[in-house]
Amino acid sequence: MEEEEKGTVEGNVTEETGKTGTQASQNKDEGTGKTYTQEEYNAFEKKLKEKYEKKYSGIDIAKYKEWVESQKTQEEKTAEKELEYQKAISEKEEILKENKVFKAGVKNDDVEFVTFKVSKMDGDFEENLAKFLKENPKYLNTEPQFIKKVSSSVSMAGKTVSNLSETNQKMNDLIRSARD
């Protein structure tokens, strides 16, 4: 009864005065802007770490995780599996899109960017890709790509082919062109 006469604090409103207060105004020492040295911080961090290591030292993490898993309902487990499945599908689609961008002739460094930009466009991905690359040809790989085919002097049956000098000439030309 004596408390009611003096006034009690409930919800930061004092019944006696009717004034509101905040926690910061009630705790005068907070907000003083005290700074700590690195040594003080390290000591506090070490003390806190030791406190929690001592508190949780007897807990087996593997058994705890197993217990948490056993507490899940079938719906939660199904939802987690569905989430994993959707994530796998999304990753697969992203890889397929990047493959299409790469095959369209985009520079290696720009594949992810172009994929991102085209993915944000409404409509079919391949149509949007063609439109985007037509408007932004700077992302296309303009360096010519040469593919040289050289035949072997040995046939599939293991027999030596008679045009050995021609094969040697092709090999030499290939080596010389690689040095240039």
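The CD1 atom of I61 sits 10.5 Å away from the OH atom of Y56 when rounded to the nearest 0.5 Å. With rounding to the nearest 0.5 Å, the separation of CG in N108 from CG in N141 is 7.0 Å. Considering CZ of F116 and NZ of K97, their distance stands at 11.0 Å, rounded to 0.5 Å.
In this structure the side chain of E40 never reaches within 4.5 angstrom of the side chain of F44, judged on heavy atoms. No side-chain heavy atom of K49 sits under 4.5 Å from any side-chain heavy atom of E45. Side-chain atoms of T35 and Y41, non-hydrogen and from C-beta on, never get closer than 4.5 Å to each other.
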Side chains of residues 65-86: which donor-acceptor partners sit under 3.5 Å, not counting sequence neighbours?
{"residue": "E69", "atom": "OE1", "partner": "K72", "partner atom": "NZ", "Å": "3.2"}
{"residue": "S70", "atom": "OG", "partner": "W67", "partner atom": "O", "Å": "2.7"}
{"residue": "K72", "atom": "NZ", "partner": "E80", "partner atom": "OE1", "Å": "3.2"}
{"residue": "K72", "atom": "NZ", "partner": "E80", "partner atom": "OE2", "Å": "2.6"}
{"residue": "T73", "atom": "OG1", "partner": "E75", "partner atom": "OE1", "Å": "3.4"}
{"residue": "T73", "atom": "OG1", "partner": "E76", "partner atom": "N", "Å": "3.3"}
{"residue": "E76", "atom": "OE1", "partner": "T73", "partner atom": "N", "Å": "2.9"}
{"residue": "T78", "atom": "OG1", "partner": "Q74", "partner atom": "O", "Å": "2.8"}
{"residue": "E82", "atom": "OE2", "partner": "Q86", "partner atom": "NE2", "Å": "2.8"}

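Summarising the geometry of V111 relative to V101, their closest heavy-atom pair is O-CG1, 3.9 Å, with the distance given to 0.1 Å. When all heavy atoms of A104 and L129 are compared, the pair lying nearest together is CB-CD2, 3.9 Å.
Applying the 6.0 Å contact sphere to NZ of K107 captures more than 12 heavy atoms from other residues, nucleotides or ligands. Atom CZ of F102 has 12 or fewer heavy atoms from other residues, nucleotides or ligands within 6.0 Å.
Under a 3.5 Å cut-off, the side chain of N128 and the backbone N or O of S119 do not form any donor-acceptor pair. Judged purely by atom type and a 3.5 angstrom limit, K100 has no side-chain atom pairing as donor or acceptor with the backbone of T115.
The aromatic rings of Y139 and F113 are tilted relative to each other, their planes meeting at an angle between 30° and 60°.
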